[in-house]
Amino acid sequence: MKRLITLDINDEVRSVAAHDHHTLLEVLRYDLSLTGSKQGCDKGDCGACTVLVDGDPVLSCCSLAAANEGKKVQTIEGLGNSSGPSQVQRAFDVSGALQCGFCQPGTILSAEALLRENSKPSETEIREALAGNLCRCTGYTKIIEAVKLASSGLSQHSGMLLGEATEGFDVIGAPARKADAIEKATGEALYTDDIVLPRMLHGKILRSPHAHANILSIDTSKAIALDGVHAVMIGKELPKSYCVIPWTPDETALCTDKVRYIGDGVAAVAAVDEETANKALDLIEVEYEVLDSVVDLDFALDEGAPLVHNTDWKGRDRTSNLCKRVALDFGDVDSGYELADERVDVQYFFEGSTHGAIEPHCAIAKWSPDQRLTLWSATQVPHYVHRAVADVLGIPQGDVRVIQPTLGGAFGGKSEPFDLEFCAALLSKKSGRPVKILYTREEVFYAHRGRHPMDMKMSLAAKRDGSLTAVESDIMIDGGAYHSFGMITAYYSGQLLTGPIDFPAYRFESKRVYTNKPSCGPKRGHGSVQPRFAFECGLDELAEKLSIDPIEIRRKNAMKSGQRTVNDQLVPSTGILECLDSVERQSDWKNRWGKMPFGKGVGVACSMYISGTAYPVYPNEMPQSAVILRGDRSGRITIFSGCSDIGQGSDGMLSAIISEETGVPLEFITVVSSDTELTPVDLGAYSSRITYMAGIAAQEAGQRLRARMVAAVSEAWEIPIERVGVTQGMVFDLKDGSKTATSQEAMQLAEAKSGTLGETGQYWTRKVGGKYRGGTIGASPAYSTTAHVAQVDVNPRSGVVTVEKVWAAHDCGRAINPVMVEGQIEGSVYMGWAEAILEEHTFHNSGLHKGPSLLDYRLPTSVETPEIITSIIETIDPGGPYGAKEAGEGPLHPIIPAIANAVFDAVGIRLRRTPFSPDKVLSALSTKLEGSDNA
Amino acid sequence: MLRMPEFKYAHPKSAQEAVDLMFSTENAHYVAGGTDLLPNIKNGLHEPSLLIGLGGLPKPEVTLSDGVISIDGGMKLAKLATSRTLLESAPSLAEACSLVAGPQIRNMGTLAGNVMLDTRCLYYNQSAFWRKSLGYCLKKTGDWCHVISSPKSCVASQSSDSVPVLMAMDASLVFLGRDGERRIKIRELFQFKGENHLKLERGELLVSVEVPASPDGALSCYRKVRPRGSIDFPQLGVAIVTSLVDDKIEHLAICVGAISPTPKMIKGLDVFYGKPLTDEVIEKIALIAKKQSRPQGSVEGGTKWRREMVAVEVELGLASFR
């Protein structure tokens with residue numbers, strides 16, 4: 001029963017009919033259309049819902065709307081005035097603090113409140129004030145910079161470019177704002193859950209409480225009969241199997257015959273509101289036959305273990321839970337062992353972790369009167385969702401449109417189709433109305449698709465001088481209940497280890513197995529972060545035996561640009577030596593490693609990562625990415641690109657390239673992205689492919705448009721084409737500096753001469769990779785390089801490992817926008833450090849996630865996140881756009897082993913299991929006192 | 001989004017009105033900041049018919065008179081963290097308040113709410129779906145404690161930061177009930193029952209907390225152990241109140257929190273009265289505290305490690321007084 005309450009929101013007194021039991025957040029978002037305040041965790045754990053009440057930051061999801069009568073409420077929409085955004089909002093924009101932007105309305109309000117009370121806060125005071133606003137993208141570094149900038153006063157900045165470009169360029173290499181950032185800072189950006197359609201229904205999915213059970217019957221009759229329920233569906237209505245990897249279809253939209261993990265979807269409803277939908281779920285009666293489950297990786301391959309999948313994707317009976325086995329052999333490992341002077345055999349375990357993007361998954365489906373489907377979804381792969389939805393629903397691809405709205409973080413957790421997309425689509429069809437499904441935070445944990453737990457045995461052997469002679473690994477991978485990208489994970493776990501540290505002989509065997517738990521999938525640094533941890537720690541153990549400095553042993557075995565790895569991957573450029581030099585120098589390594597007092601230490605590690613997987617996940621000869629340009633007499637260019645901007649700034653990258661090529665300033669470039677009906681295909685934001693592949697496509701399109709402009713100007717001015725120069729905002733005669741025209745005029749000339757301005761550019765698959773089975777998986781047209789040094793303090797009484805500083809050097813080939821690249825490095829380091837120290841995605845024996853909330857699954861706050869000092873190394877890759885390579889995933893890898901190696905320097909123990917929690921450290925310390933150094 | 005079941009909201013203007021409402025309504029709850037109650041309702045742990053908001057009561061105050069600091073229950077934790085009176089005369093209470101959760105929650109939460117905080121457990125503070133899947137527990141709906149694998153008792157943990165400090169300070173609490181005010185010592189409030197750890201009369205409202213202002217020579221601290229530097233409940237809380245005369249211990253009280261349904265006052269510390277705070281004495285005190293503390297597994301961090309930390313934190317706390 002609603003009643004009228006009076007709220008003073010942003011200095012406007014409003015009467016709103018609200019339920020007593022609704023929170024301020026619900027009323028703001030759903031009754032007042034003030035969608036700037038976000039919903040991240042449902043219950044007060046993340047801060048995304050922060051608003052100011054009487055000037056103080058509060059959590060609107062924990063405050064009843066009615067309790068705020070008589071108070072002054074300020075939301076993000078209320079900051080700034082008719083002259084524009086507030087100082088704090090602008091500071092966040094120009095500092096690069098807005099990546100995905102989802103946490104920012106809350107963070108900005110907390111910062112605003114701080115500065116009102118304390119106009120010159122110290123860094124500690126800033127971190128404390130923001131300690132209730134979780135950010136998953138930035139590692140807080142640029143957020144802190146933004147608050148400092150706001151407090152010192154920033155001048156009104158009108159342009160997009162914030163500094164000088166690299167020499168020889170006009171835009172490339174310049175720090176620049178992102179076009180979408182200020183809208184995120186003002187709360188105007190529309191994320192999927194912010195979208196409301198007329199007559200929209202709310203869907204909910206019923207999930208299995210059992211880890212493994214046959215579905216004997218489902219009775220939905222009572223749910224259908226409930227007033228306000230408009231559609232109900234069960235798994236059998238969408239029986240077509242799918243998987244993001246098309247060869248291995250092993251899941252259905254909802255379970256058809258059995259459930260395979262606690263949280264697996266069984267039925268779904270659409271109703272007038274979430275509350276009714278929840279009631280409807282309670283009325284669905286499912287009869288389960290509970291089966292024995294296998295939850296432990298160690299038992300998954302035991303004889304007699306319950307089978308998670310009874311048949312494989314070809315319908316043949318399975319005899320074990322083996323999902324994928326990859327075994328490859330290069331060079332002569334056994335001879336390598338013989339040649340060696342020292343060898344280490346180590347075992348490391350990497351615990352599972354999840355992405356924790358602050359925005360939960362959300363999808364809205366709507367059918368047009370002539371039965372064409374539009375799906376808005378918080379996805380980082382609209383193209384793959386497009387294909388899967390058409391396939392599973394049994395409709396032509398041409399009748400499906402997938403739109404990715406502004407997205408609140410992904411990190412690999414939104415890179416395949418999910419149940420809510422299919423269910424929203426079918427429920428919408430059945431009810432004849434749009435249907436939105438929003439995951440609760442708990443459901444995000446069940447959807448998972450995160451870091452695979454890996455149990456890794458590795459052997460590394462080397463000669464006395466440190467040169468490696470052989471490397472071998474044997475890895476067990478816990479895949480959870482479904483395949484996801486599983487076969488890729490199994491390949492990557494071995495294939496991606498072979499650089500930047502080179503070795504002549506290599507053998508690996510990896511087995512991914514099914515267990516009755518939420519499925520694992522790609523998380524930033526897919527399949528490679530875990531083995532890199534084992535390898536870089538093992539390398540340090542080997543260095544210790546050889547009495548060689550850990551940085552020296554890495555230099556000794558470093559690859560060179562243009563070299564091929566032992567598994568036949570060509571690495572056109574590598575900055576491994578430059579990265580090591582950089583972190584060695586900045587951390588004062590030579591004066592500190594091995595020389596600091598007990599409890600303090602430094603550690604190093606390095607890594608290499610792909611700039612896109614060479615081949616698309618479904619075989620085809622079509623471009624992997626394309627850009628269409630539209631320009632006209634107004635002087636504005638629109639870039640149409642299928643790329644998913646997930647906060648990393650791909651829209652900005654495309655704009656920078658087009659601006660560089662055509663001279664049209666960033667202010668006059670619009671990006672329309674990730675709408676499958678408007679934009680050309682791009683495969684998605686995964687495996688760090690976008691800058692390299694879409695960048696090349698953009699370069700081609702930009703050059704074509706520039707050519708038309710130049711040709712038209714050349715004709716109009718009657719000078720040869722070679723004399724037409726292009727720079728920011730204008731064209732000019734290279735021989736007569738007084739002869740100029742604006743970019744707009746140049747476009748008008750081009751439109752008049754050669755017609756309407758539209759150009760395309762694409763990236764075609766480059767044939768790379770070893771010529772052996774599986775040689776293409778792990779192959780990439782280019783590889784980034786990273787090195788980290790971590791400085792730690794280990795408290796020997798409590799076991800707490802505090803990472804005080806991280807020096808991170810990352811070779812991204814060429815930084816198209818250094819602010820964005822730094823943001824990726826900082827965010828990656830933060831995310832890796834969090835996995836090393838704090839995060840564990842673990843389960844009770846029953847298969848139930850131990851703590852599916854952001855209170856139990858802890859994401860670090862601004863207070864404990866270490867200082868991250870980044871260095872961008874540019875090796876100018878011969879194949880990348882302007883030499884650019886990836887920066888989104890590579891920089892995560894080394895921090896975990898660097899911390900472990902630093903702990904060894906500090907207190908002489910080897911931490912072999914993540915996370916490095918205090919009890920593990922204490923236990924290892926006491927074992928060491930008794931004689932061995934294992935943890 | 002997690003939605004709450006339907007309930008009504010009332011906004012009384014006085015403590016008595018609130019108490020009367022409570023007594024005349026079946027299944028009502030008081031709500032101040034709501035930062036603990038609302039998430040618990042969203043998790044299906046409560047289904048109230050009415051929430052009685054306490055935000056409309058007269059503006060709360062902190063007053064110092066005759067060596068006693070009176071704190072109205074509705075004082076926000078953020079305000080207590082920076083209160084001049086507390087910082088001068090009860091600094092460890094200000095410290096404890098400053099360490100509760102994160103900034104937003106401290107702006108919303110009250111001292112009374114923190115004192116009355118329900119016990120917490122890894123198996124209890126979860127959604128209805130989760131608890132049904134695992135099997136309900138003793139504290140809610142079921143008859144089995146997952147922590148100790150037994151039907152015998154619930155060991156959900158007291159999780160407030162202010163409580164150990166108030167216990168060490170021997171604070172008093174003033175409750176308003178149907179028949180008027182009742183004053184008790186906080187040390188009499190708790191019972192070892194995770195499902196119902198406060199010895200309260202039905203519907204009582206905590207209206208005031210009284211703490212002795214620290215005399216000269218009084219030293220106190222609150223040490224909170226938690227995984228992150230913000231947001232988290234304590235895995236362990238150690239409050240120490242002591243006074244030294246001529247560098248010798250005149251008085252010593254230690255309370256360990258977040259280990260069991262009740263906060264633990266360490267016994268037998270009077271044997272150290274008259275002794276100086278040497279390393280040896282500190283170590284002995286720490287060992288006694290550790291011996292008497294038995295952390296239950298209802299809270300993150302394990303039982304063994306948290307027990308070790310009791311000694312570590314007591315040592316660090318005592319050493320900070322030198």
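The sequence lines fix the lettering, A, B, ..., with proteins before strands; numbering per chain opens at 1.
With a 4.5 angstrom heavy-atom cutoff, P5(B) touches chain A only via backbone atoms. Residue contact with chain B, scored on non-hydrogen atoms closer than 4.5 Å, is absent for R127(A). Heavy atoms closer than 4.5 Å to chain B are found in the side chain of Y446(A), but not in its backbone. Only the backbone of P860(A) comes within contact range of chain B, with at least one heavy atom under 4.5 Å from a heavy atom of that chain. For chain B, the nearby part of S208(A) is the backbone; its heavy atoms alone come within less than 4.5 Å. The contact between C61(A) and chain B is made by backbone and side chain atoms together, counting heavy-atom distances below 4.5 Å. Contact annotation for K8(B): both backbone and side-chain heavy atoms come within less than 4.5 Å of a heavy atom of chain A. For L59(A), the parts lying near chain B are the backbone and the side chain together; criterion is any non-hydrogen pair under 4.5 Å. Heavy-atom distances place the side chain of M309(B), and not its backbone, under 4.5 Å from chain A. For L854(A), the part lying under 4.5 angstrom from a heavy atom of chain B is the backbone only. Using a 4.5 Å cut-off between heavy atoms, N40(B) makes no contact with chain A at all. No part of E313(B) comes within reach of chain A, as not one of its non-hydrogen atoms sits under 4.5 angstrom from that chain. Proximity to chain B (any heavy atom under 4.5 Å) is shown, for I837(A), by neither the backbone nor the side chain.
The minimum heavy-atom distance between S798(A) and W305(B), with the atom names listed, is O-NE1, 2.8 Å. Smallest separation of non-hydrogen atoms from M108(B) and S63(A): CE-CB, 3.9 Å. Shown here for P852(A) and Q126(B), the closest heavy-atom pair between the two residues is CD-OE1, 3.7 Å. The shortest heavy-atom contact between S846(A) and L134(B) is OG-CD1, 3.9 Å. Closest heavy-atom contact between A131(A) and P103(B): C-CD, 4.0 Å. Between L438(A) and M1(B), the closest heavy-atom pair is CD2-N, 3.8 Å.
The structure places NE2 of H22(A) at 9.0 Å from CZ of F7(B), a figure rounded to the nearest 0.5 Å. L2(B) contributes atom CG, which lies 9.5 Å from atom CD of E26(A) (distance to the nearest 0.5 angstrom). Taken from NZ in K42(B) to SG in C41(A), the straight-line distance is 8.0 Å, to the nearest 0.5 Å. The CD atom of E128(A) sits 7.5 Å away from the OG atom of S230(B) when rounded to the nearest 0.5 Å. If you take CD1 on I105(B) and SG on C62(A), they are separated by 6.5 Å, rounding to the nearest 0.5 Å. The distance from atom CZ of R3(B) to atom NZ of K204(A), rounded to the nearest 0.5 Å, is 8.0 Å.
Comparing G55(B), G34(B), G53(B), P227(B) by how many heavy-atom pairs each has under 4.5 Å with chain A, the most go to P227(B). Per-residue heavy-atom pair counts under 4.5 Å with chain A were compared for R228(B), E6(B), H11(B), and the maximum is reached by R228(B). Between chain B and the residues I262(A), L64(A), T440(A), L922(A), the most heavy-atom pairs under 4.5 angstrom are made by L64(A). In terms of heavy-atom pairs under 4.5 angstrom with chain B, the leader among H210(A), M1(A), R207(A) is R207(A). Of the listed residues G135(B), S133(B), G102(B), the one with more heavy-atom pairs under 4.5 angstrom with chain A than any other is S133(B).
Using a 4.5 Å heavy-atom threshold, the side chains of D45(A) and I231(B) count as separate. With a 4.5 Å cut-off on side-chain heavy atoms, K850(A) and W130(B) do not count as touching. Looking only at side-chain heavy atoms (C-beta outward), K132(B) and P209(A) stay at 4.5 Å or farther from each other. Within the 4.5 Å cutoff, no side-chain heavy atoms of R106(B) are placed close to those of D56(A). When side chains are defined from C-beta on, L38(B) does not count as touching K43(A), because their heavy atoms never get closer than 4.5 Å. The shortest side-chain heavy-atom distance between F129(B) and E442(A) falls under the 4.5 Å cut-off. Within the 4.5 Å cutoff, the side chain of D20(A) has no heavy atoms near those of the L51(B) side chain.
For the pair R858(A) and D232(B), the salt-bridge criterion is met [side-chain N within less than 4.0 Å of a carboxylate O]. Salt bridge annotation for R797(A)-E308(B): absent, with no cationic side-chain nitrogen under 4.0 angstrom from a carboxylate oxygen.
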*Take M4(B) and T23(A) through the side-chain contact (heavy atoms from CB on, under 4.5 Å) test and state the conclusion after the steps.*
CA-CA 9 Å; M4(B) 295 189 285; T23(A) 61; 3.8 Å; yes
*Give the intermediate values and the outcome of side-chain contact (heavy atoms from CB on, under 4.5 Å) for residues L855(A) and F233(B).*
CA-CA 9 Å; L855(A) 186 60; F233(B) 286 93; 3.9 Å; yes
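More than 12 heavy atoms of other residues, nucleotides or ligands lie within 6.0 Å of NZ in K140(B), so this atom counts as buried by the packing criterion. Summarising the local packing, CD of E804(A) is surrounded by more than 12 heavy atoms from other residues, nucleotides or ligands at distances under 6.0 Å.
In this structure, Y123(B) has its ring center under 6.0 Å from that of H844(A).
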